[in-house]
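Contents: one structure, followed by commentary.
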Amino acid sequence: QLTCCGSPARLCDWNRTWYTANPDLTQCFQNTVLVWVPCVYLWLLAPFYCLHLYCHDSGRIHMSCLCTAKMVLGFLLASFGFVEFFYILLERSQEIQQHMVFLLSPIIRSMTVILALCIIQLERIRGCRSSVFLFLFWVLAVVCSLVPLRAKIQLAMDEGIASDIVRYLAFFSYFSIQLAQLFLCCFADQPPEGKTVLEKNPCPVKDASFLSKILFWWFTGLVVKGYRTPLAAEDLWTLREEDTSNKIISELQEDWTAECAKLQEKALASGAALGSRLPDQAQLLRKLQKEQSSGFFLFRTLVRKFGPYFLTGTLCIIFHDAFMFAIPQVLSLLLGFMRDEDAPLWKGYFYATLMFLLSCLQSLFNHQYMYTCFTVGMRVKTAVMGLVYRKSLVINSAARRTCTVGEIVNLVSADTQKLMDFVVYFNAVWLAPIEIVLCLFFLWQHLGPSALAGITTVILIFPLNGIIAKKRSKLQVKIQMKFMDGRIRLMNEILNGIKILKFYAWEKAFLEQVLGYREKELKALKKSQILYSISIASFNSSSFLVRIAFAMFGVYVMQDDRNVLDAQKVFVSMALINILKTPLSQLPFAISTTMQAVVSLKRLGKYLCSEELKVDNVSKTPLGSDGEDVVIENGTFGWSAEGPPCLKRINVRVPRGSLVAVVGHVGSGKSSLLSAMLGETEKRSGCVTVKGSVAYVPQQAWIQNATVQDNILFGREKLKTWYHRVLEACALLPDLDILPAGDATEIGEKGLNLSGGQKQRVSLARAVYRKADVYLLDDPLSAVDAHVGQHIFDKVFGPKGVLRDKTRILVTHGMSFLPQADLILVLVDGEITESGSYQELLGRHGAFADFIHTFANTERKESAIQRGEHTLQGDTTNTNLQNMEPVTEADQEQVPEDLGKLTEVDKANTGRVSRKMAFDLISDCVNLFGSETINKYLIKAAMIIMLAMYKKYFKTIGLAIIIPIVFLYAFQQGASLAYNYWLSMWADDPIVNGTQIDTDLKLTVFGALGIAIFGTTVAISICGIIASRQLHMDLLMNVLRSPMSFFECTPSGNLLNRFAKEIDAIDCMVPDGLKMMLSYVFKLMEVCIIVLMATPFAAVIILPLAFLYAFVQSFYVATSCQLRRLEAVSRSPIYTHFNETVQGASVIRAFGEQSRFILQANDRVDFNQTSYFPRFVFVGNGVVLAAAILSVMGKSTLSPGIVGLAVSHSLQVTGILSWIVRSWTDVENNIVSVERVNEYADTAKEASWSVDGSSLPLAWPQKGTIEFMDYGLQYRKGLELALKGITLHINEREKVGIVGRTGAGKSSLALGIFRILEAAKGKIFIDGVNIADIGLHDLRSRITIIPQDPVLFSGSLRMNLDPFDTYTDEEVWNSLELAHLKTFVSNLPDKLNHECSEGGENLSLGQRQLVCLARALLRKTKILVLDEATAAVDLETDTLIQSTIRTQFEDCTVLTIAHRLNTIMDYTRVIVMDRGHISEMDSPANLITQRGQFYRMCREARLV
């Protein structure tokens, strides 16, 4: 090279390049190095790139216009080189001897371009649409051509263009084509063949070019759309394939299964080592080890799957750091230039531009890093949610009992969020210490050993933060999360059992419990926040930087008089200390996030490693030719591995097509037997074989929040004739006539708006529709009326029913069906004591025969009278659906679409507009201006509502606290400004004899100002807690005071979401966001003031920049808030679905529908994830450029101190701005939580719980007379009355039975007496007091109901009987004895303190019903209402209950909504309801003689 350029001096001449007022590079350098750099880059990396393309084939791309243009331009470029080669050979042959290089360069250049063209073609064949590799090549080529371009222009200006016109034209054309190639590289090619997926709204990032991806241009479409109109769910892009649940989880599931197997082996190995010594302790140790390591195994699995992509983000952050540390070095050079009076101006501009470029690159890499982190975080969240969901479908009952639904939902909501945060902040854990070390190293270079003073300060503060982080983690995990879990669990139960709370007037007791949890939670939060504030004050606030600067400068100045603080030392050190601030403030946060993530990983790992149902519990085989479909040999089963078995010595053989009846007392193990056949119980010995497909009807119907039709079809396609036959057989047709939209009516969560009988029949219809081979029916007739039960038996299970050829195993308490069973199994205490046909068992004269003789008389009158000619009209159990009166033929036409809709979907109030307030605004706008100008008004409306939200939040805190906080912030920033200004004055101090004067005084003032800066974070935290306590209280009161209709149409997922996620946001996110936003806004003001003080002219640039920034920001925040709202709204369905699945897991498994439910969960998670997107900001770098360039321009007038102050502060602007955006968006997004929590403030409320100054006597009602006067009741305004003009007088101690068909209004009477629904007309008097004039609690606490669904809450048995602790233990035991539970409870280890699990799942349904009876016995009020209370118990228990009610409530008024007619035959009066009227009323004997409606019902039930 040296020979070809002549002498060495010619390649590089510093005098010509650097030490001159007019810099330039040598001709030789231009013709060699600048030409070869792009060529070397391409030739060196091309082999690796080709290998990469070879490994990643995405399909072939057609030759597009873009590709053709690139090829044509490429050939032009290559030909230029060859032309130039021949031109030199012919024209300049004499020069070639000296400069061989002139001849080589064009050839090398042309060959490189040809290589680039080959790569373009290879990319096209391998389906690469946008090339980073070639983009960088063209950038290098253009940048390297800029110097010759400048030289050529200079030369042309000096000598004129004519001297060598061919060379000039050739060069300018060549440069233009290079630019064109670079321009074309900014666009992406068309998709490969066959890859054009027809998605509705594909994500543009797939089609984005490399440049669009790094600058996020692809995102602008949505931002603009969100700014113009409020975003709706359909505006969001579909997820890329690699982000979908299906793709992520299917791959992860395999890895996790393998990890679990390893974990199991490890546990077994350690168990074997310990097992011989101490079996119990070994078990415990093994369990503990498994829990400890499960979190680590989960982490390892996630790292394997998402690690590689995450590493690309880590690479970005490393580049970001490199640029970040380069900036202070350039600042040092700039300040050196300011001090040097002879330095040429171009150097100043060069440094200023370099700083700007470095800032831009820093921003660029930072945004890429954040985007990568968010993407990985999103994928981790999807993955973990998917794993938890799939686990909840296979977890066994013992493990399921250790965690409640609330806890599982918490794993999905809170813990996945913690993992997401961890992904974002994880790199700070190891990067921050490295950044701190680097900062201190550079400080050492500047200040020498006195930098150690700063290091010492840091070292002293670190352990303090370590202790704080540990303490906070403990507070958060052990205490706050525990109480939050408890609170959410309790809320979940309150929402599930809200009807019972209202009937019993127990809201206050549960309100106290929730608030108890909440207070403890807030106490922990307060401690945690105060600790966090100390941590922030010591680390993040300016005061900390002041301490470091004070320590370092102080030591530096004191150390030696010769040590002079000049601008360069001060401001480069300050810039470094500012860099130091980021890692120092991030570190405690990163550590705390990591701690939380570790805890969450452990919790998730523990759940994901919990025991699963064993596949070999039941061996399932296809239907064979031999005759037995269900075989259990020598089976012993338990609900968990430990503890006594629930079934022992079971031997059952069920022939194909037979009907098997299973009978026994409450708690004898009938349901457990069916569970054993399903494989739901732990098989300890023996074998279970089931042939063919299975359908299962559980004892408590599990109903989905979907339409009636969806519930019955359960994922199968609709076969019209068969569907109709099923509806008819299950007696559902009369009910469908009553429902407002027929079978398209939506059923509320857990079947809220159906009666017990309807739920049970829908559940049965779902099984019948299946056409399975084996039917397991767990007491499906318990909740239906006798005549309906008979109809269903005849049409479905009986010898002539639709299932006559199938194998049916029926658990029943109904004696009348037993004679028709082929085989009867009698269960006593988990053993089959007798089995055989009805006649065989009677012939044996065993326990069964005695049982039958006792009860046959009561239930069956053998007179086989033909059934009445009346068609069947559903069961008489009422539903809450008289609001859904029959739709007549004429009305049928106009049924509106949303008639069957019940649940209000959680609406997204996008556009930052709350629907209530905005609606009026918008409708006014439409009327006035038409829809054109609406969008402007929408945005105005949005602003008004947003302000209303802030107003609400701040009002909750109170002005008295807010004003001092703002003053404190202003004072803090003022002191910081003074302190910085003082520093610049010190730096400009003249140096006399190598020293500065009055250093002691300066140091003192400097230190004093530093102390004046003090953090105000504690105050804001306390405010946040005040606000969130109040908002939670309001929300809780609003929800508990809502009427039943509110709960019927609001999914519990929505409400739980408010109590969990939204309250959590108000607890933590809003105060944290406000803290950050306030501190950064004040900091920004300080920077602007400093830059304007130094260079007032900067206002010209800062003001437009501020406007530009505000403009961009308003676009961004508008869209971001709407996305956040959509995200929050689409989150509720995930929880609702999870809730539903966990509760119906056994049904889903029995029907084998797991994969369909998994798909549904995937769809919901995916829809939720579409609302997550990145954010970015570049504007701030403009301030750096402005401050630096203006400083260079004003070099003659400005002192280095002021320039240092201005530029070092302007460097922080980008960071400050991005933090303001982030915290502002966070606050805006999270203030939405205030709106969502506040949403229920305006819904309708019940009447007040107690009336002040009420003169109600304590012993009211003393007699128990009830009088209805022209009483009418409707379910919703505008609907027909459900009770029409009821006038009725019930005397004291009277026993009244209420009967009637579905929709006749039986339960409506009960709802009216308890004022669950208020009267539409007329009055009800109890003991002469109008019940509308007294408080709801006064009324409800003095009368008692035994409801249809026995609901228990998790807590002690005693709490379930007496939540207010009003009765003595003796009274409680007494009530248990009368309810026939005393023996059962006294055999429990904890007696009255026995913990009931969620929903009372650890008691059988019959036992729960008896607990409800005990509640009534304990309250012993003068009026008792029974709502089909004996539906779920066997006849013997039923008789016990009836006799208890007869003896214990003898002197009370009893109203029974009758279910089995035989229970009311000895009542004083029977009321027959029909369509809201009383059609008959008299004693049972008289009604039978009248031969009216009651007589026909008795005949259907074979009682006459």
Side-chain angles (χ1 to χ4, degrees), residues 406-407 410 413-415 417-418 421-422 465 467-491 511-537 540 588-589 591-600 603 953-954 956-958 961-962 965 1015-1036 1056-1078 1223 1226-1227 1229-1231 1233-1234 1236-1237:
E407 280 164 2
N410 225 346
S413 57
D415 291 311
Q417 191 57 46
K418 296 242 163 29
D421 296 343
F422 168 68
N465 267 286
I467 295 163
I468 289 175
K470 200 166 181 182
K471 188 105 176 110
R472 278 192 73 211
S473 150
K474 190 175 166 190
L475 271 172
Q476 190 142 17
V477 175
K478 296 266 169 49
I479 304 168
Q480 196 194 336
M481 285 305 269
K482 188 174 108 191
F483 292 132
M484 186 174 162
D485 274 358
R487 178 169 62 84
I488 300 301
R489 189 183 68 230
L490 189 60
M491 271 322 297
L511 178 81
E512 294 300 320
Q513 280 194 34
V514 173
L515 292 180
Y517 275 123
R518 180 73 180 147
E519 275 309 308
K520 289 174 184 161
E521 186 188 346
L522 286 179
K523 201 171 160 190
L525 184 72
K526 196 191 248 175
K527 280 185 189 165
S528 169
Q529 287 286 12
I530 289 173
L531 286 170
Y532 186 47
S533 302
I534 295 172
S535 168
I536 285 186
N540 187 25
F589 192 67
I591 291 170
S592 114
T593 311
T594 308
M595 292 283 186
Q596 288 174 11
V598 168
V599 174
S600 291
R603 278 167 57 126
Y953 184 73
F954 291 127
T956 321
I957 298 171
I961 305 179
I962 293 172
I965 288 181
T1016 47
T1017 46
V1018 179
I1020 285 200
S1021 303
I1022 305 291
C1023 290
I1025 289 172
I1026 293 172
S1028 75
R1029 172 184 285 129
Q1030 194 52 48
L1031 288 165
H1032 175 267
M1033 181 79 185
D1034 292 350
L1035 171 67
L1036 187 60
L1056 269 185
N1057 195 4
R1058 301 288 190 278
F1059 279 103
K1061 189 82 184 182
E1062 311 297 349
I1063 287 288
D1064 192 40
I1066 296 173
D1067 280 352
C1068 309
M1069 308 301 234
V1070 176
D1072 284 0
L1074 280 174
K1075 263 184 246 180
M1076 279 175 66
M1077 192 169 102
L1078 273 174
S1223 50
D1226 278 351
V1227 171
N1229 284 342
N1230 287 306
I1231 212 86
S1233 296
V1234 177
R1236 285 166 69 82
V1237 162

Review point. Is there a side-chain contact between L522 and L525 (heavy atoms, below 4.5 Å)?
Key: yes
**Study point:** Check: R1058 side chain, R1236 main-chain N or O, donor-acceptor pair, under 3.5 Å
**Key:** yes
Check your understanding: Ignoring hydrogens and geometry, is there a side-chain-to-backbone donor-acceptor pair from R487 to F1059 under 3.5 Å?
Key -> yes
Exercise for review: Supply the atom-to-atom distance M484 CE to I1063 CD1, rounded to the nearest 0.5 angstrom.
Suggested key: 9.5 Å
Review point. Do you know which two heavy atoms are closest between L1035 and V1237, and how far apart they sit?
Key: CD1-O, 3.5 Å
Review point. Quick one: CG on D421 to OG1 on T593, what's the gap to the nearest 0.5 Å?
Key: 6.0 Å
**Study point:** Reported CD-to-CG distance for the pair Q513 and L490, which is rounded to 0.5 angstrom
**Key:** 5.0 Å
Review point. Can you tell me how far the CD atom of Q596 sits from the NZ atom of K418, to the nearest 0.5 Å?
Key: 5.0 Å
Revision key, fill the gap. OG of S413 to CD1 of I488, rounded to nearest 0.5 Å, is 7.5 Å
Exercise for review: For residues N410 and R489, determine if any side-chain heavy atom of one lies less than 4.5 Å from a side-chain heavy atom of the other.
Suggested key: no
Exercise for review: Please examine the side chains of R518 and E521, heavy atoms only from C-beta on, and report whether any two atoms are closer than 4.5 Å.
Suggested key: yes
